[in-house]
Every structure is written in structure tokens, then in C-alpha cells.
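For reference, the structure is listed below as C-alpha cells.
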Amino acid sequence: MRRKTDRMIDQIAALGRGDTSARGLAETALAQAQTLCELNAFVALDPDKVLAAADASDGRRRAGFTLGPLDGIPIAVKDNFLTKDYPTTACSDALPLEPTDVDATLVARLREGGAVIFGKTNMHEWAYGATNTTSRFGPTRNPCNPGHITGGSSGGSAAAVAGGIVTAALGSDTGGSIRIPASACGIYGFKPTYGRASRHGVLPLSWSLDAPGPLAASLDDIAVLLSCLMGEDAGYAATRGSHPFQPVAALSRKARLVSLTGPGLERSDEVDAAVTAALQRAQGCTVETRALPGMRRFFGAWETILHCEATAYHQPRLATAAGFSPVTRAHLEAGQYLTAQELLRAQQVRAEFCALLASGLGDWDALVLPTLPVPAPAMGVDWQEFGGRRVSTQDSMTWFCWLGNLAGLPAVTLPCGLSSTGLPIGLMLMGRPGQDERLLQIAKFIDTAVNQTE
């Protein structure tokens, strides 16, 4: 079912040479979406709107100008980003109490750059889950094997890219919701440093953990997207002082990588072997293995903050709105039993965690982990076993990724191998806060060594 995924940079080049048109790209994407409709990647897609935007792009090009490198490129948007021309539901029947007919800042920036907004993608309801099996529109299926999950909560975005429908999509990440499905579907995903990309107009799960970002077919695509998306936004205070993404030159010295291990960081044997082999091929990096202590406390802090903030946002709906799925409502109601003291203590533990990563692991440029401890689980399988652990499928999906959200670090996932059953395995790198450019350059170096990209 899955075809070789085109790269966005190749589409940009083809448009520049006149080998294709924006309408041609849009028509190809619409045909592929129809062919792969059983993936259930999209929850709203209007061909007339897509083709009108593509025709406008072609008109600009014929007139001798473009709005930027993304002009005419189809890009999908997760259903928790406000969009003026599509409804935003967060894939829930408990509909948002938010304005309509407006764009989230990142969607507006894509439009300003001439991108063709290619519909809204399926997601785990309200982003409160990592499997993409809970949605008012039904589960999303993995293009690599439709009997397996995409992971979530940006599973529709990942499926749309991995299925070759579009070359890029927007997602949001609270505990791995960009990186999890990107890894499970064998593509690339990037979570920026907290505050470097505006989440204005993105329906929140957890204000202090959420970070919007791109999923794409290559790291070069990611770099082009970040150059459009990142930077200060007057409508979102957390971005104050954030500078635009500026790609850096090739690495001037060996990157120092710290591979994290220890209790709470277990992984399956085949995932561990794939990540180890990938690091061995990255000859231009130094790799040190370090244990990360206190994982139970740190995970508990992330979970407490997540539940408290999610429940606070949804409190008006809980009292009046029907339509939450039973599992989402249960999560939200559980958050009501956490106390202010517990939240404050979680924030103290968060500060300890940030200090540990900043100075307690020596000098490092990137922290390394598998993105997921297991390949994408089969649909309907509720438990995973790895490294002597038996873990719910939900918790296995966030097993490593939440670290980057708790500390606000930039993080990227790239494919690094296949399982014995042909499912993708991902490698995750986390950088120091604000050093998104250097992190992407390190990832590019490793990706070239591992995947022999151009």
C-alpha cells in the first residue's frame, strides 16, 4: 500500500523548473488521498478549496513572482489547529469553545508563504492519547501496515505523509505527539524548543508542555518548514524574543551524543539493536552512554502537569458538554482530584529535571534514545512487553518522548531501521533549549550516515 514518499524539496524544485504546477501537485495529492481513504488520515478535505488555492499559486508564478519556497506546496493540518476554511473539532463531539473563521498563527504563516492548505487530519481526541485510536472519525491506520496503529496524537498527519498523499503536515506535541506517529510510520518529525513556534490558535492539551511542529518526508523538508514557522508572534507571549529558524552550516566538530539508559528507559531488543547500529554508523560523533536516574519521579511530574492543565482548560465543558469519549472524559475527571500542592511539587521536580539535563550529564550536544520502545503495535493490542516490562500500549508510546516536553527541549525523530516484521524503527535526538538549528544539523549528519540521503 505504501509508496515511496516524495520530498517537499523535490516538489519545490519541480515547480521552479516548470516541470509541474501547483494544480498538478494538488490533483496528484487528491487522487492519492482517495486511493488511500481507508487509512482514515483526513477528517475534512475540500477538493474545490484545494484546487482554488493551487490555481492562485499558479497565477502568481505566471505573473513572475511567488510568496516563498512553499508557494503551491500541499500541506496538511492537524484538526486541533484553527483554520478559517475548515471546521476544527479536535476529533471530538465535545466541540471547541473557540472562535471560527480564523487561522492559527502557523496556518496563517503557511498561507502567507503560498502553501496550499490540504485539509484537516485525524488525531487522538483532544490530543489526549498516543495511539490515534480514539477519534469521533474512527482510528487512523498505518500506511506501513494497516493492521497497526499510527501512534498519536498527530497520527493522521503522519499517515498522510507516509502514505505519499502530501510531503508535509502540521502536528502538535505534548508528550511525543509529533515524534510518536512519525516514528511509527517511518517519516521525520520535529518538536521545536518550547516557545520558538507559536501555539496561538492551537487547541491546547497542556499549555506548558504543548509544542507545534512539522512532520515531513525528509529533514531538508523540515528545515524549509521551520524557516517559515518559527519566530516571535505578537499573539503568543511565550514566543517573545524567539528568533526565526536559521539553518547552520555543516558541523565544525564532532557532535557529542549522550545515549540515555536506566530503569524506565527500557526498550525491545530489536529496537535497541537498530539504534545501536545507527549510532555506530555515525562516525563523526562521539557517543557516551549515561544512566538517567529518577525516571519515576520525573514521569510523575510530567503526568501531573499534563492532567492538571488539561482539566483546567476543559473544566467549562466537563460540566455542560456531552460528546467526550468515555476514556477522554475519565482522564479529564481524574485531573480534578489533583491538588494545588501536587501541581506545585510537580513544577519543582520539573525544575530539578531541567537542571539535571543541563549540567548533570556532562557536556553534550544531543541526547539519544529510541523514539519508541517497540515498533508500531497492532490494532486492538492493549499491552506491550519489552525489557522485562509489561506496559500499556498507551504508555509505551510516550515511554521516551515525554522527556523533551517536560524540559522544553527541541527534539527530532528519524527512521533508523525496520523491525523483523518490516515496521519502522525511529531514533530520537533531543538538543539543548534554543539550539534547534544545531540539533537539526546533527540529525542530518546521522541521517546521511544511516539512510544514505542526498
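Side-chain atoms of N142 come within 3.5 Å of backbone N or O of I149 as a donor-acceptor pair. No donor-acceptor pair under 3.5 Å is formed between the side chain of R109 and the backbone N or O of C228. Using modelled atom types, one side-chain atom of H148 and one backbone atom of A376 make a donor-acceptor pair closer than 3.5 Å. Side chain of S206 to main chain of D210: no donor-acceptor pair is present (N/O by atom type, distance under 3.5 Å, no hydrogens or angles). Under the 3.5 Å distance criterion, the side-chain polar atoms of Q280 are left unmatched by any main-chain donor or acceptor of A278. Q11 places no side-chain N or O within donor-acceptor distance of the main-chain N or O of L25, the cut-off being under 3.5 Å. Between the side chain of W364 and the backbone N or O of L357 there is at least one donor-acceptor pair closer than 3.5 Å. The main-chain N or O of N405 is never found under 3.5 Å from a side-chain atom of D173 such that the two would form a donor-acceptor pair. Between the side chain of R179 and the backbone N or O of T413, no donor-acceptor pair lies under 3.5 Å. The backbone N or O of Y128 lies less than 3.5 Å from no partner atom in the side chain of S153, so there is not a single donor-acceptor pair.
When ring centroids are compared, H331 and W126 stay outside the 6.0 Å threshold. Aromatic rings from F42 and F118 are positioned such that their centres are separated by under 6.0 Å.
You'll find the side chain of M379 reaches within 4.5 Å of the side chain of R141, heavy atoms only. Proximity of T121 to D79: side-chain heavy atoms (C-beta onward) are nowhere separated by under 4.5 Å. In this structure the side chain of L414 never reaches within 4.5 angstrom of the side chain of T371, judged on heavy atoms. Side-chain contact between R7 and T167: absent, with no pair of heavy atoms (C-beta onward) separated by less than 4.5 Å. Proximity of M430 to K191: side-chain heavy atoms (C-beta onward) are nowhere separated by under 4.5 Å. Between I73 and L15 there is a side-chain heavy-atom pair separated by less than 4.5 Å. With contacts defined as side-chain heavy-atom distances shorter than 4.5 Å, the pair C285/R256 does not qualify. Looking at heavy atoms from C-beta onward, L82 lies out of side-chain contact with D103 at the 4.5 angstrom threshold.
Aromatic ring pairs are classed by plane angle as parallel below 30°, tilted from 30° to 60° and perpendicular above 60°; the pair W207 and Y313 is perpendicular.
Salt-bridge check for D233 with R240: failed, with every basic side-chain N at 4.0 Å or more from each acidic carboxylate O. Ion pairing between a basic and an acidic side chain is recognised when a charged N comes within 4.0 Å of a carboxylate O; R136 and D93 show such pairing. The residues E437 and R196 are annotated as salt-bridged, a charged nitrogen and a carboxylate oxygen being separated by less than 4.0 angstrom. A salt bridge links R267 to D272: at least one charged side-chain nitrogen sits closer than 4.0 Å to a carboxylate oxygen. Comment: D71 engages R60 in a salt bridge, judged by a side-chain N to carboxylate O separation of less than 4.0 angstrom. The pair R389-E385 does not meet the salt-bridge criterion, since no charged nitrogen lies less than 4.0 angstrom from a carboxylate oxygen. One finds no salt bridge joining D58 and R61 here, because no Lys/Arg side-chain nitrogen approaches an Asp/Glu carboxylate oxygen to under 4.0 Å. By the 4.0 Å N-to-carboxylate-O rule, D55 lies close enough to R23 to be salt-bridged with it.
For the ring-ring contact (aromatic ring centres under 6.0 Å, His included) criterion with F298, the lone passing option out of F353, F400, W402 is F353. Checked against L369 for a side chain to side chain contact (heavy atoms under 4.5 Å, CB included), the options L265, L429, T261 give a single hit: L265.
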Go through V258 and L260 one step at a time and tell me if the side-chain contact (heavy atoms from CB on, under 4.5 Å) criterion holds. CA-CA 6 Å; V258 171; L260 298 177; 3.8 Å; yes
Apply side-chain contact (heavy atoms from CB on, under 4.5 Å) to L209 and L306, showing your working. CA-CA 7 Å; L209 299 171; L306 167 63; 3.9 Å; yes
For V368 and L427: C-alpha separation, side-chain torsions, deciding distance, then whether side-chain contact (heavy atoms from CB on, under 4.5 Å) applies. CA-CA 7 Å; V368 184; L427 180 151; 4.3 Å; yes
Begin with the C-alpha distance, continue with both residues' side-chain angles, and end with the deciding distance and a verdict on side-chain contact (heavy atoms from CB on, under 4.5 Å) for S135 and E125. CA-CA 5 Å; S135 164; E125 183 185 18; 5.7 Å; no
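Note that CG of L205 and NE2 of H124 are 10.0 Å apart. Values are rounded to the nearest 0.5 Å. Expressed to the nearest 0.5 Å, how far CH2 of W399 lies from CE of M397 amounts to 11.5 Å. Atom CG of D85 and atom CZ of R111 lie 4.0 Å apart (nearest 0.5 Å). Here the CZ-NE2 distance, from R317 to H314, works out to 5.5 Å after rounding to the nearest 0.5 Å. Note: L367 CG to M428 CE = 9.0 Å, rounded to the nearest 0.5 Å. A distance of 14.0 Å separates CZ in F190 from CG in D221, rounded to the nearest 0.5 Å.
Taking the side chain to side chain donor-acceptor pair (under 3.5 Å) definition, one finds that S183 meets it with nothing, sequence neighbours left out. Checked against side chain to side chain donor-acceptor pair (under 3.5 Å), S259 has no partners two or more places apart in sequence or in another chain.
In the model, E232 has no side-chain atom that pairs as donor or acceptor with a side-chain atom of S242 under 3.5 Å. Using a 3.5 Å distance cut-off with no hydrogens or angles, the side chains of S172 and N80 do pair a donor with an acceptor. Side-chain contact, S154 with K78: a donor N or O sits under 3.5 Å from an acceptor N or O. The closest side-chain donor-acceptor pair between T328 and S325 falls under 3.5 angstrom. Between the side chains of T140 and N122, at least one donor-acceptor pair of N or O atoms lies under 3.5 Å. In this model, a donor atom of one side chain and an acceptor atom of the other lie less than 3.5 Å apart for Y188 and D447. Inspection of the S208 and E309 side chains reveals an N or O donor paired with an N or O acceptor under 3.5 Å.
Nearest approach of P370 to V271, heavy atoms of both residues: CB-CG1, 3.5 Å. A pairwise comparison of heavy atoms in I178 and L215 identifies O-CD2, 3.6 Å as the closest pair. C401 and I180 make their closest contact through SG-CG1, 3.9 Å (heavy atoms, listed as atom of the first residue, atom of the second, distance). Across all non-hydrogen atoms, the minimal contact from A26 to A54 is CB-CB, 3.9 Å. Across all non-hydrogen atoms, the minimal contact from S227 to F245 is OG-CD2, 3.6 Å. Nearest heavy-atom pair, I442 versus A366, reported as atom, atom and distance to 0.1 Å: CD1-CB, 4.4 Å.
Open room surrounds CD on Q34; 12 or fewer heavy atoms of other groups in view lie less than 6.0 Å from it.
With Y86 as the aromatic partner, K49 meets the cation-pi criteria of under 6.0 angstrom to the ring centre and within 45 degrees of the ring axis.
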